[in-house]
Amino acid sequence: MADDVTGGDLFKLWQTANVCLPRVAKVFTDVNGGIAGTSNGDFGAFSHGESRSGGPGGSKVYSAWAPVRNEFQLIVAQTAQNIIDAQTALNNAIEAYKDQDQAAAQDLQKNYLENPSKHDPNDPSQNPPEGEYKPGTPVLPEYYESPADKK
């Protein structure tokens, strides 16, 4: 079975790990960052003008909203991290395979990564995202308490 793996197979893994997965992770890190940013606006959204126990302005809506927001933020952060971890795992698998099969490693490099008909290093859609297109770091909720922690 190992003899059947080619540079083309490794190239497909490389594309998935370095081109596709980071773009998917970026969607989740962007959403996660947006949710994380809402906690600063809670006072204005839920207050009656003064802060009391139970959250901004003591609002009953706030006490229901905050745990839902935190749970959703955690879910999105974990999803982003899982995608980032999958990218790392695929890259580790590619490197491990290249270490074991020099022919496939050379095929990947020469016939795919260095072959302009298969991979254009100047085309952003064929390469790892850079700058603002890279996924951010997932942000966990600041004051998260899972429902399981309450039991």
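Basis for what follows: all heavy atoms, side chains included, without hydrogens, waters or symmetry-related copies. Numbering of residues begins at 1 and proceeds along the displayed sequence.
A donor-acceptor contact under 3.5 angstrom links the side chains of Asp107 and Asn111, judged on distance only. The closest side-chain donor-acceptor pair between Asn91 and Glu95, if any, does not fall under 3.5 angstrom.
Counting heavy atoms from C-beta on, the side chains of His119 and Trp14 come closer than 4.5 Å. Side-chain contact check for Val19 versus Gln126: every heavy-atom pair is 4.5 Å or farther apart. Pro129 places a side-chain heavy atom less than 4.5 Å from the side chain of Arg23. Residues Val76 and Ile35 have side chains in contact (heavy-atom distance under 4.5 Å, counting atoms from C-beta outward). Side-chain contact between Ser125 and Asp120 is absent, with no heavy atoms from C-beta onward closer than 4.5 Å. For the pair Leu74 and Asn70, the minimum side-chain heavy-atom distance is 4.5 Å or more.
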How far apart are the C-alpha atoms of Asp85 and Gln81, what are their side-chain angles, what is the distance that settles it, and do they pass the side-chain hydrogen bond (donor to acceptor under 3.5 Å, both in side chains) test? CA-CA 6 Å; Asp85 291 346; Gln81 189 60 57; 2.9 Å; yes
Take Asn92 and Thr88, measure what side-chain contact (heavy atoms from CB on, under 4.5 Å) needs, and give me the verdict at the end. CA-CA 6 Å; Asn92 289 343; Thr88 301; 3.8 Å; yes
Begin with the C-alpha distance, continue with both residues' side-chain angles, and end with the deciding distance and a verdict on side-chain contact (heavy atoms from CB on, under 4.5 Å) for Gln73 and Leu140. CA-CA 7 Å; Gln73 182 182 346; Leu140 296 174; 5.7 Å; no
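Surrounding CD of Gln100 are at most 12 heavy atoms belonging to other residues, nucleotides or ligands under 6.0 Å away.
The minimum heavy-atom distance between Phe28 and Ala80, with the atom names listed, is CB-CB, 3.7 Å. When every heavy atom of Ile84 is checked against every heavy atom of Gly136, the shortest pair comes out as CD1-O, 4.1 Å. Heavy-atom minimum distance, Glu132 versus Lys26: O-CE, 2.7 Å. For Pro138 against Ala77, the heavy-atom pair with the smallest separation is CB-O, 3.6 Å.
Linking ILVMFWY residues whenever their side-chain heavy atoms come closer than 4.5 Å, directly or via other members, leaves Val24 and Ile75 in distinct clusters. In this structure, Val139 is not a member of the same hydrophobic cluster as Phe72, with clusters built from ILVMFWY side-chain heavy atoms closer than 4.5 Å.
Side chain of Lys98 to main chain of Ala93: no donor-acceptor pair is present (N/O by atom type, distance under 3.5 Å, no hydrogens or angles). Judged by distance alone, with hydrogens and angles left aside, the side-chain atoms of Gln87 form no donor-acceptor pair with the main-chain N or O of Ile83 at under 3.5 Å.
Atoms CD1 and CG, from Ile94 and Asp9 in turn, are 11.0 Å apart once rounded to the nearest 0.5 Å. In this structure, Asn127 CG and Tyr133 OH are separated by 14.5 Å, a value rounded to the nearest 0.5 Å. Going from atom CG of Leu90 over to atom CG of Asn18 covers 8.5 Å, rounded to the nearest 0.5 Å. Here NZ of Lys118 is found 10.5 Å from CD of Gln15. Values are rounded to the nearest 0.5 Å. Rounding to the nearest 0.5 Å gives a distance of 10.0 Å between CD of Gln78 and CG of Asn32. To the nearest 0.5 Å, the span separating NZ on Lys110 from CG on Asn115 amounts to 11.0 Å.
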